[in-house]
*Asks:* 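Take this structure, written in structure tokens, and hold onto it; I'll ask about it next.
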Amino acid sequence: MAKHFVITLDGPAGAGKSTVAKCLARRLDASYLDTGAMYRALTLKALRLKINLEDEKALTELAKKTVIDFKEIPDKSLHVTLDGEDVEKAIRSAEVTNNTFYAARAAGVREIMVGWQRAIAKRRSVITDGRDQGTVVFPQADYKFYLDADFDERVRRRLKDLGDAGKNVDVDQLKKDMYDRDQKDFARKVGPLKKADDAIVIDSTGLKLEETVEKVMKYIKVKS
Ligand code: C5P
């Protein structure tokens, strides 16, 4: 693998992409690019400004006037910033999560996000996670992975994450929301959730985080 590299991790919600990506970034001395956080941040701004989320043009215009970036915090992890404000926590609310599909289905918004993501990857090596990273954004990536897990296991992981964050959630509601979100991600016309033809599929059902990371690492050959 070249000194400057891109590794993509796509897959449905709760498949463990972000946790695996963070581990890989540490092990390979690269940056973790959380592309979902970018769509979430734009959604947060639209909700705050009470912009009609059905209006794709308005969302695209909003994206043009918005600066979404990442800043490193002392523990070395990256937090997403919205016009300079650290919104890492605010973008994880159920309201933002359940409304992000509006920005994600807007072709104009996606074009802008794709440009930003490519610009970030020009500056540094990245482990990027999302839905369209291997198919649309980085078709020439050094390695492409498609991370999956059984639906029930994905729900259990999400429940644990939310519990760890001190959030109380109704299991049935969470199941319904995750199912709906996956369906929308698979079905949208632009940048849908799709396995790239040349992506390596990793099924993390029943695997611990370290086991999943090891499975991925087996494929990666670093040139010295
Ligand atoms: O990855 P995360 O669950 O934070 O993503 C939130 C939402 O953002 C996804 O459900 C999807 O609709 C959208 N997204 C996307 N393209 C990406 C990353 C996320 O459309 N590359």
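First listed ligand is number 1; within each ligand, the first listed atom is number 1. Given the structure is predicted, the values throughout are model-derived calculations rather than measurements.
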*Asks:* Got an N/O contact under 3.5 Å between Lys17 and ligand 1?
*Replies:*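 In fact, backbone or side chain, Lys17 has no N or O that close.
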*Asks:* For Ala104, take its heavy atoms, then give the atoms of ligand 1 lying under 4.0 Å from any of them.
*Replies:* 12 (O), 13 (C), 20 (O)
*Asks:* Look at Asp83 together with Lys45 and state whether they make a salt bridge at an N to O cut-off of under 4.0 Å.
*Replies:*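 Counted as a salt bridge, because a side-chain N and a carboxylate O are separated by less than 4.0 Å.
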*Asks:* Which ligand 1 atoms does Asp185 reach within 4.0 Å, using its non-hydrogen atoms?
*Replies:* 9 (C), 10 (O), 11 (C), 12 (O)
*Asks:* State whether the shortest distance between N or O atoms of Arg110 and N or O atoms of ligand 1 falls below 3.5 angstrom.
*Replies:*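 Yes, Arg110 has an N/O under 3.5 Å of an N/O on ligand 1.
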*Asks:* Heavy-atom distance to atom 19 (C) of ligand 1: which of Gly36, Ser18, Gly14, Ala13 wins?
*Replies:*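 Heavy atom nearest to atom 19 (C) of ligand 1 belongs to Gly36.
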*Asks:* Return the option from Arg131, Arg158, Gln133, Gln117 holding the heavy atom at the smallest distance from atom 2 (P) of ligand 1.
*Replies:* Arg131
*Asks:* Between Asp34 and Arg92, does any side-chain N to carboxylate O distance fall below 4.0 Å?
*Replies:* yes
*Asks:* Measure the distance from atom 14 (N) of ligand 1 to every protein heavy atom, then report the residue, atom name and distance (to 0.1 Å) of the closest one.
*Replies:*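 Going atom by atom, the protein heavy atom closest to atom 14 (N) of ligand 1 ends up being Tyr39 CD1, 3.8 Å.
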*Asks:* Any N/O of Thr35 closer than 3.5 Å to an N/O of ligand 1?
*Replies:* yes
*Asks:* Roughly how far, to the nearest 0.5 Å, is SG of Cys23 from CG of Leu209?
*Replies:*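 Rounded to the nearest 0.5 Å, the CG-SG separation comes to 4.5 Å.
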*Asks:* So, are Asp10 and Lys195 salt-bridged, with charged N and O less than 4.0 Å apart?
*Replies:*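 Looking at Lys195 together with Asp10, the answer is no, because their closest N to O distance does not fall below 4.0 Å.
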*Asks:* In plain terms, say whether Asp161 and Arg157 are close enough for a salt bridge, that is, a side-chain N and a carboxylate O under 4.0 Å apart.
*Replies:* no
*Asks:* At what distance, to the nearest 0.5 angstrom, does NZ of Lys175 lie from CG of Leu159?
*Replies:*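 Reported to 0.5 Å precision, the distance equals 9.0 Å.
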*Asks:* To which protein heavy atom is atom 8 (O) of ligand 1 closest, and what is the distance rounded to 0.1 Å?
*Replies:* Thr100 CG2, 3.4 Å
*Asks:* For ligand 1, which atoms sit closer than 4.0 Å to a heavy atom of Arg188?
*Replies:*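 In order of numbering, the contacting atoms are 12 (O), 15 (C), 20 (O).
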*Asks:* Does any N/O atom on Asp132 come nearer than 3.5 Å to any N/O atom on ligand 1?
*Replies:* yes
*Asks:* Does some side-chain heavy atom of Ile68 sit less than 4.5 Å from a side-chain heavy atom of Leu42?
*Replies:*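 In short, these two side chains touch, coming nearer than 4.5 Å.
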*Asks:* Thr8 pairs by side chain to side chain contact (heavy atoms under 4.5 Å, CB included) with which of Asp129, Asp142, Asp132, Thr128?
*Replies:*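 Of the listed options, the one satisfying the test is Thr128.
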*Asks:* Nearest non-hydrogen atom to atom 10 (O) of ligand 1 belongs to which of Arg181, Arg105, Lys184, Arg40?
*Replies:* Arg181
